[in-house]
Amino acid sequence: MTTDEILDLLEERFPNAECELYHQNAFQLIVAVVLSAQTTDQSVNRVTPALFERYPDAGTMAMADVKAVEGYIKTIGLYHNKSRMIIGLAQSLMEHFQGEVPSSMKDLTSLSGVGRKTANVVRSVWFDIPALAVDTHVERISKRLGLAKVQDSVETVETKLKRKIKRERWNRAHHLFIFFGRYMCTARNPQCEGCPFVSFCKKDKLEAYRKTKG
DNA sequence: ATCCCGAGGG
DNA sequence: CCCTCTGGAT
């Protein structure tokens with residue numbers, strides 16, 4: 001099956017696949033993505049409305065107290081690091097970018113708490129720049145579908161996906177893989193009945209590899 | 001017990 | 001490469 005055929009099938013099943021993180025501007029999006037590390041979007045969306053009401057932009061967040069921010073995000077895990085990260089993020093936005101979220105990969109990854117994955121999400125979702133953010137879902141789906149090898153690093157997965165998927169489909173592919181991974185091809189109990197990819201799925205191979213600790 | 005749209009540091 | 005940070009859902 002070609003990658004275009006895979007994407008067409010996913011498009012049929014998940015026509016509404018899109019960013020599910022609550023946000024009303026670029027600053028709120030980048031903060032929400034930073035907060036989403038090792039946490040479900042649902043958990044993030046439970047805390048961000050109150051957080052963004054108190055700190056709606058980089059200017060207010062830059063002056064926030066670490067403990068006060070922790071109080072808003074306590075329930076999403078990694079809260080101490082995340083609190084310091086998003087305040088530092090707001091401070092460097094004020095210091096180097098006039099409070100605006102930049103769009104280049106180099107500028108984005110220079111920000112506190114913003115790695116390659118977060119930068120790719122912001123470029124794709126907010127700036128509509130072709131990007132392929134490889135998170136836990138995209139990595140798992142890519143390996144189960146055989147688009148990457150089980151031992152590949154996330155960087156290698158990104159490189160292979162960009163080579164196999166045409167550029168104009170990168171942004172859709174990202175969200176289609178995430179929705180497929182979140183609602184059907186889940187990590188623990190995937191719904192394999194009715195899945196159009198079972199005939200070539202590498203799920204068992206991936207699990208066997210993970211048990212040998214990769 | 002394992003996973004969730006990771007990043008930073010060693 | 002490795003480890004740590006962390007609570008909630010399943």
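Keep in mind that the numbers below use all heavy atoms, side chains included, and drop hydrogens, waters and symmetry copies. Lettering follows sequence order; numbering is per chain, from 1.
Regarding A:Q151, its CD atom lies at a distance of 11 Å from the P atom of C:dC1, rounded to whole Å. Atom C1' of nucleotide C:dG7 and atom NE2 of A:H80 are separated by 16 Å, given to the nearest angstrom. Between the CD1 atom of A:I86 and the P atom of C:dT6 there is a distance of 14 Å, given to the nearest Å.
Although no hydrogens or angles enter the test, the distance criterion places a donor-acceptor pair under 3.5 Å between the side chain of A:N171 and the main chain of A:A131. Side-chain atoms of A:R167 do not come within 3.5 Å of backbone N or O of A:P130 as any donor-acceptor pair.
Here the closest heavy-atom approach between residue A:L7 and residue A:L176 is recorded as O-CD1, 3.9 Å. For A:S112 against A:S92, the heavy-atom pair with the smallest separation is N-OG, 4.2 Å.
Pairs engaging residues 30-39 of chain A under the side chain to side chain donor-acceptor pair (under 3.5 Å) rule: A:T39-A:K82 [sequence neighbours left out].
Along DNA chain C, the nucleotide nearest to A:S153 and the one nearest to A:K82 differ in position, and the one closer to the 5' end is contacted by A:S153.
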| remark: Given Watson-Crick and G-U pairs under 3.5 Å, DNA chain C in dot-bracket ([ ] crossing, | other strand) is |||||.||||
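If you check residues 47-77 of chain A against DNA chain B, you find no residue with a heavy atom closer than 4.0 Å.
Contact check on A:K67 versus A:E70 returns a salt bridge, with a Lys/Arg side-chain nitrogen under 4.0 Å from an Asp/Glu carboxylate oxygen. Under a 4.0 Å N-O distance rule, the pair A:D4/A:K166 qualifies as a salt bridge.
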For residues 184-202 of chain A, which side-chain donor-acceptor pairs fall under 3.5 Å, sequence neighbours excluded?
unit_1: A:T186; atom_1: OG1; unit_2: A:N189; atom_2: O; d: 3.1
unit_1: A:Q191; atom_1: NE2; unit_2: A:Y183; atom_2: O; d: 3.4
unit_1: A:K202; atom_1: NZ; unit_2: A:F200; atom_2: O; d: 3.0

| request: If a protein heavy atom is under 4.0 Å from the base, mark B; if only from the sugar-phosphate, S; if neither, -; do that for nucleotides 5-10 of chain B going 5' to 3'. | output: BBSS--
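When the P atom is used for both C:dC5 and B:dC5, the distance is 22 Å, rounded to whole Å. Here, C:dT6 and B:dG10 have their P atoms 16 Å apart, quoted to the whole Å. Here, B:dC4 and C:dC1 have their C1' atoms 24 Å apart, quoted to the whole Å. Straight-line distance between the C1' atoms of C:dG8 and B:dG8: roughly 24 Å, to the nearest whole Å.
Within the 4.0 angstrom heavy-atom criterion, no nucleotide atom of any strand lies near A:R84.
In this structure, a donor-acceptor pair under 3.5 Å is present between the side chains of A:T60 and A:D57.
Residue A:E11 qualifies as enclosed at atom CD: its count of foreign heavy atoms under 6.0 Å is above 12.
A:Y72 pairs by the ring-ring contact (aromatic ring centres under 6.0 Å, His included) definition with A:Y55, not counting sequence neighbours.
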